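First comes the structure, then the notes that go with it.
Not measured: the values here are computed from a predicted model. Throughout, residue positions are numbered sequentially from 1 according to the sequence presented.
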Amino acid sequence: NVIYQFCREEGVEIDDGEFRLEFYHKYVNAEQHLRIIKKTRNLKPEDFAFDIDMFLTAARNYFNRDLTWTGSGQYDPKIITRINMPQSDNFNPVHKDIYQVYDETGTIPPMVNIWIPICGVGNGVGLPVAPESHLINEAKICRTKAGAVVNGSKYNVNCIKEWDSSTHLVTICPTESQMLVFSSFLIHGLARNSHHNITRVSLEFRMFG
C-alpha cells in the first residue's frame, strides 16, 4: 500500500486491485522510479501500521537484552524500503552499517540489523554477506570514509574495498516468513537482482542496545 500510494503520487496510472509489487517495474518509468525510491528511504513504523513495540518485545526475548528503536538520539530511526529492478544492482556498495554512526559521532553503539524480504528473493537473489566478517580486525579492512562514489554515483555508506585480503560474499535468500538478523559490524551489500521479470523488494532497519 505504501509503495502503491507513492506510485500514484508520481503519476503512475495503475488500479490498486491490479498493483503487484513483484511487477513494480512494469508500471513505472526511470524518472518515476528515482522519485519513488527517495520517498522509500526514510519511512517510519506508522507508515506500515507496524507495531514496533511488539517487535522490540520479541527481540528482547531473542537477544535476552533490551533493545530500542531510537538509538538514544545518535541515529535517526527509519525503515528503508529497497526496490531493486530486474537485471539491476542494489543501491549500496559493500559496507558495514556501524561506520556511518562511528564516523559521524565517534561512538560505537550496540547495533543489530534487521532485513526482511518482501518479494523477488530466491533463486540466488537475496542479501550478500561476508560470513564472520564482524570478527575481522579493522586493521585488515580497507574502506572509504564520508561515503563512496561508485560508477559516478554518490552513496551515503562507506564502501569496503576488501577485508582480510578477500572480497568473497555469500548470498542469503530467506524464504517466506523468514528474515535476517545480523550484527551491524557484518560486511554486506551490493545485491544484484538477476531476475528477468521480478522486482526485488525488502525492508531494513536497525535496533540499538
Next item on the list: Answer yes if Ile116 and Val125 sit in the same cluster of Ile, Leu, Val, Met, Phe, Trp and Tyr residues linked by side chain heavy atoms under 4.5 Å apart, and no otherwise.
Entry: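 No; Val125 is not reachable from Ile116 via cluster members.
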Pairing residues for [X] by the side chain to side chain contact (heavy atoms under 4.5 Å, CB included) criterion, not counting sequence neighbours:
{"X": "Pro174", "value": "Trp115, Pro117, Val121, Ile172, Gln178, Leu180"}
{"X": "Ile198", "value": "Glu22, His195"}
{"X": "Asp66", "value": "Arg60"}
{"X": "Val181", "value": "Phe63, Val112, Ile114, Met179"}

Checklist line | Tyr99 side chain to Glu138 side chain, donor-acceptor N/O pair below 3.5 angstrom | finding: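 Note: Tyr99 and Glu138 side chains meet the donor-acceptor criterion.
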Check: Would Asn113 and Ser184 count as having a side-chain donor-acceptor pair, cut-off 3.5 Å?
Finding: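 Present: a donor and an acceptor within the cut-off.
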Next item on the list: Using a strict cut-off of less than 4.0 Å between a Lys/Arg side-chain nitrogen and an Asp/Glu carboxylate oxygen, indicate whether Lys78 and Glu204 qualify as a salt bridge.
Entry: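 Looking at Glu204 together with Lys78, the answer is no, because their closest N to O distance does not fall below 4.0 Å.
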Checklist line | Carboxylate-amine/guanidinium proximity below 4.0 Å for Lys39 and Glu10 | finding: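 Result for this pair is yes, salt bridge flagged.
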Note to self: Can you tell me how the ring of His188 sits relative to the ring of His95, calling it parallel under 30°, perpendicular over 60° and tilted otherwise?
What the structure shows: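 Rings of His188 and His95: tilted, as their planes differ by 30° to 60°.
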Checklist line | Parallel, tilted or perpendicular: rings of Tyr27 and Phe19 (30°, 60°) | finding: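 It falls in the tilted class, 30° to 60°.
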Notebook entry, point to check: If you count the non-hydrogen atoms of other residues, nucleotides and ligands that lie under 6.0 Å from CG in Asn123, is the total more than 12?
Noted result: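 No.
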Note to self: Would you say CG of Asn1 has more than 12 non-hydrogen atoms from neighbouring residues, nucleotides or ligands within 6.0 angstrom?
What the structure shows: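 Atom CG in Asn1 is not packed in, count stays at 12 or less.
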Extract all donor-acceptor atom pairs below 3.5 Å that involve side chains of residues 46-58 and protein atoms in other chains or at least two apart in sequence.
{"residue": "Asp47", "atom": "OD2", "partner": "Lys44", "partner atom": "N", "Å": "2.7"}
{"residue": "Asp51", "atom": "OD1", "partner": "Asp53", "partner atom": "N", "Å": "3.2"}
{"residue": "Asp51", "atom": "OD1", "partner": "Met54", "partner atom": "N", "Å": "3.1"}
{"residue": "Thr57", "atom": "OG1", "partner": "Asp53", "partner atom": "O", "Å": "3.0"}

Checklist line | Thr199: partners by side chain to side chain donor-acceptor pair (under 3.5 Å), with sequence neighbours left out | finding: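 Counting only residues at least two positions away or on another chain, Thr199 forms a side chain to side chain donor-acceptor pair (under 3.5 Å) with His25.
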